[in-house]
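Treat the numbers as computed from the prediction; the structure is a model and nothing was measured.
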Amino acid sequence: MTASPLQLLLTHGSGPLLFLALVAGGLGLPFPEDLVQLAAGVLSHRGAMPLPAAIALCFAGVLCGDTVLFLTARRLGQALYTHRRTRRLFPPERRERIQGLYAKHGSRVVFVGRFMSVLRVPVFAMAAAEGMPLRRFLLWDGLALCLSSPLVVTLGYLGSASVDRVAKGVGRVEHFVALAGVAALLVVLAVRHAREKRPPRPSPRGP
């Protein structure tokens, strides 16, 4: 029987290997980042590394992969949409949809894109091609990772004894994490809107 990707990671996994797999997965290679982060949690439970170290490793690995993707797409610029290796990611309807999201929500789309596995790579790549500053991209991507990475790694840690069931449940967990992330973003926007609408305080009069 062929071993599953998760079983292979648990058998041969180590900190550096998991980090490289996360970077490669961020570039679109077939290394599902959720399975890699689950494996990090399981290996932590088995004593390979402390849980905080596993979370930090996964956070850094995913963010590094996203950064390499962003810088590569920025170097391609508008050629991203016509290059033979990348144009398949941007059929006209998908490109139009993502452009509409950016027009409506700006760089906050990066935050939401982190939880959308189908659109994640196109959203991040288009952010670079359309000129988003790297600092802003890292801010929104890092905020989203602060939610997703600790949750998935901890899920692997707590579910080490039944890791296959946990792996099957990751999709449902990601759904709830996405909802929580969107809710958090809406709260931030509501607070910012309320502050902008608040009338300025009158300046104190002198004696």
Side-chain angles (χ1 to χ4, degrees), residues 5-6 9-10 13 15 17-45 49-70 73 98 101-102 105-128 132 134-160 163-189:
L6 182 57
L9 285 169
L10 295 178
L17 180 62
L18 294 177
F19 182 88
L20 290 175
L22 288 169
V23 173
L27 295 174
L29 296 179
F31 296 99
E33 67 180 38
D34 298 319
L35 285 183
V36 178
Q37 293 183 91
L38 270 180
V42 175
L43 290 172
S44 173
H45 189 272
M49 65 187 91
L51 181 59
I55 293 173
L57 180 145
C58 289
F59 181 97
V62 174
L63 192 63
C64 185
D66 292 346
T67 303
V68 174
L69 169 65
F70 183 90
I98 296 175
L101 290 172
Y102 274 114
H105 302 290
S107 55
R108 294 182 292 273
V109 174
V110 171
F111 182 95
V112 179
R114 158 65 28 211
F115 306 104
M116 302 165 64
S117 56
V118 176
L119 293 179
R120 185 182 301 155
V121 170
V123 164
F124 290 0
M126 281 186 65
M132 181 183 294
L134 176 61
R135 185 184 306 175
R136 189 177 303 167
F137 171 79
L138 293 177
L139 170 65
W140 288 106
D141 191 28
L143 287 174
L145 277 172
C146 286
L147 286 174
S148 62
S149 272
L151 183 60
V152 178
V153 175
T154 303
L155 183 65
Y157 182 90
L158 297 176
S160 177
V163 66
D164 290 327
R165 273 189 302 170
V166 172
K168 292 176 182 177
V170 166
R172 292 191 294 272
V173 171
E174 272 209 323
H175 176 71
F176 288 119
V177 173
L179 291 177
V182 172
L185 180 58
L186 290 175
V187 169
V188 170
L189 294 177

Can you check whether Ala40's main-chain N or O pairs, donor with acceptor, with Ser44's side chain at less than 3.5 Å?
-> no
Verdict with supporting geometry, Leu22 and Gln37, side-chain contact (heavy atoms from CB on, under 4.5 Å) = CA-CA 8 Å; Leu22 288 169; Gln37 293 183 91; 4.1 Å; yes
How far apart are the C-alpha atoms of Phe19 and Cys58, what are their side-chain angles, what is the distance that settles it, and do they pass the side-chain contact (heavy atoms from CB on, under 4.5 Å) test?
-> CA-CA 7 Å; Phe19 182 88; Cys58 289; over 6 Å; no
Taking every heavy atom of Gly113 against every heavy atom of Val123, the minimum-distance pair comes out as CA-CG1, 4.4 Å
Output yes when a side-chain donor or acceptor of Arg114 lies under 3.5 Å from a complementary backbone atom of Phe111, and no otherwise.
-> no
Distance, nearest 0.5 Å, that separates OG1 of Thr67 from CG of Leu138 | 4.5 Å
If every non-hydrogen atom of Gly156 is compared with every non-hydrogen atom of Val42, which pair is closest and at what distance?
-> O-CG2, 3.4 Å
Would you please test His45 and Leu51 for side-chain contact (heavy atoms from CB on, under 4.5 Å) and show each step?
-> CA-CA 7 Å; His45 189 272; Leu51 181 59; over 6 Å; no
Check step by step if side-chain contact (heavy atoms from CB on, under 4.5 Å) holds for Leu43 and Leu18.
-> CA-CA 10 Å; Leu43 290 172; Leu18 294 177; 3.9 Å; yes
Please report the shortest heavy-atom distance between Ser148 and Phe115, naming the atom on each side.
-> CB-CE2, 4.0 Å
To the nearest 0.5 Å, what is the distance between CE (Met132) and CH2 (Trp140)?
-> 10.0 Å
Can you name the nearest heavy-atom pair linking Pro150 to Thr154, along with the distance?
-> O-OG1, 2.6 Å
Which pair of heavy atoms, one from Gly61 and one from Val23, lies closest together, and at what distance?
-> O-CG2, 3.6 Å
Would you mind checking if Arg120 and Asp66 are paired as a salt bridge, meaning a charged N to carboxylate O distance below 4.0 Å?
-> no
Can you name the closest pair of heavy atoms from Ala125 and Ala73 and give their distance?
-> O-CB, 3.5 Å
Met126 backbone acceptor or donor facing Tyr102 side chain under 3.5 Å = no
Could you please spell out the steps behind the ring pair (Phe, Tyr, Trp, His ring centres under 6.0 Å) verdict for Phe137 and Phe70?
-> CA-CA 8 Å; Phe137 171 79; Phe70 183 90; 4.6 Å; yes
